[in-house]
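Heavy atoms only: backbone and side chains are in, while hydrogens, waters and symmetry mates are out.
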Amino acid sequence: MERSEEGQRILASVVEGRFRLLNHASQRSTERGVFVEQIIQCAKTCFHWKWQEKPGTHLYLGFFSPDRPGGFTAVLLDEVLVVTVFKRRLTQWEKKLAKSAKH
């Protein structure tokens, strides 16, 4: 499976709520006040994703709520595993990209 196809499959699974948080992601979500519903919302509003070679994860950027940008990283093994979640200040480039995606 190519990275592009794998990334799309992960995104579709997260949108449908078919994923689980790794321990690290669970800890970070609690610390950062990001919960499963918000991760799903982030996937639904995803405006950018890419494969990150060095950590070996897919990075997804979207919105936890209309005014709260953030993202998550995930991998696909036998199932979708969310590695971590994070709040994010969007760069100017990302703001333009999000606006063009109408999120």
Side-chain angles (χ1 to χ4, degrees):
M1 177 181 321
E2 291 183 24
R3 294 290 180 212
S4 175
E5 183 182 344
E6 181 180 82
Q8 291 172 349
R9 191 166 157 200
I10 289 171
L11 192 59
S13 292
V14 174
V15 164
E16 295 172 4
R18 292 184 293 113
F19 66 95
R20 70 179 176 94
L21 300 176
L22 293 182
N23 287 338
H24 179 266
S26 183
Q27 290 171 335
R28 292 296 178 260
S29 69
T30 299
E31 291 170 4
R32 297 168 178 165
V34 176
F35 304 101
V36 169
E37 299 80 20
Q38 292 167 308
I39 297 168
I40 293 169
Q41 182 62 26
C42 187
K44 287 179 179 178
T45 60
C46 181
F47 63 86
H48 178 71
W49 67 268
K50 69 177 182 176
W51 171 252
Q52 302 179 111
E53 195 66 44
K54 189 164 184 155
T57 61
H58 292 271
L59 167 73
Y60 298 89
L61 300 178
F63 291 87
F64 296 130
S65 65
D67 60 342
R68 191 172 176 207
F72 62 93
T73 62
V75 295
L76 180 62
L77 297 176
D78 292 332
E79 60 184 317
V80 172
L81 306 172
V82 173
V83 178
T84 195
V85 297
F86 51 88
K87 297 177 185 177
R88 184 176 179 111
R89 273 193 120 142
L90 299 180
T91 65
Q92 287 299 327
W93 176 81
E94 291 168 345
K95 286 179 185 177
K96 288 178 185 176
L97 189 60
K99 191 173 186 175
S100 70
K102 298 182 183 176
H103 293 290

(message) The criterion is salt bridge (charged side-chain N to carboxylate O under 4.0 Å, His left out); which residues satisfy it with E31, sequence neighbours excluded?
(response) R28
(message) List the residues meeting side-chain contact (heavy atoms from CB on, under 4.5 Å) with E79, not counting sequence neighbours, and say none if there are none.
(response) R20, L81
(request) Report the distance from atom CD of Q52 to atom NE2 of H58, rounding to the nearest 0.5 Å. (result) 9.5 Å
(request) With sequence neighbours excluded, tell me which residues meet salt bridge (charged side-chain N to carboxylate O under 4.0 Å, His left out) with E37. (result) none
(message) If only side-chain N and O atoms count, and only distance matters, is there a donor-acceptor pair under 3.5 Å linking H48 with E94?
(response) no
(request) Calculate, to the nearest 0.5 Å, the distance between atoms CD and SG belonging to Q41 and C46 respectively. (result) 11.5 Å
(request) Just jot down the side-chain contact (heavy atoms from CB on, under 4.5 Å) partners of K95, sequence neighbours excluded, or say none. (result) L90, Q92
With a 3.5 Å cut-off and sequence neighbours excluded, list the donor-acceptor pairs that the side chains of residues 62-77 form with protein atoms.
unit_1: S65; atom_1: OG; unit_2: D67; atom_2: OD1; d: 3.2
unit_1: R68; atom_1: NH1; unit_2: G33; atom_2: O; d: 3.3
unit_1: R68; atom_1: NH2; unit_2: R32; atom_2: O; d: 2.9
unit_1: R68; atom_1: NH2; unit_2: G33; atom_2: O; d: 3.3
unit_1: T73; atom_1: OG1; unit_2: T84; atom_2: N; d: 3.4

(message) Under the criterion side-chain contact (heavy atoms from CB on, under 4.5 Å), I'd like the reasoning laid out for L21 against I39: C-alpha separation, chi angles, the key distance, then a yes or no.
(response) CA-CA 10 Å; L21 300 176; I39 297 168; 3.7 Å; yes
(request) Measure across I40 and V15 and return the closest heavy-atom pair with its distance rounded to 0.1 Å. (result) CG2-O, 3.4 Å
(request) Identify whether L22 and V36 are in the same connected component of the hydrophobic contact network (ILVMFWY, side-chain heavy atoms under 4.5 Å). (result) no
List the atom pairs, with distances to 0.1 Å, where a side-chain N or O of residues 7-14 and a protein N or O form a donor-acceptor pair under 3.5 Å, not counting sequence neighbours.
unit_1: S13; atom_1: OG; unit_2: R9; atom_2: O; d: 3.1
unit_1: S13; atom_1: OG; unit_2: R18; atom_2: NH2; d: 3.4

(message) To the nearest 0.5 Å, what is the distance between CH2 on W51 and CG on L59?
(response) 11.5 Å
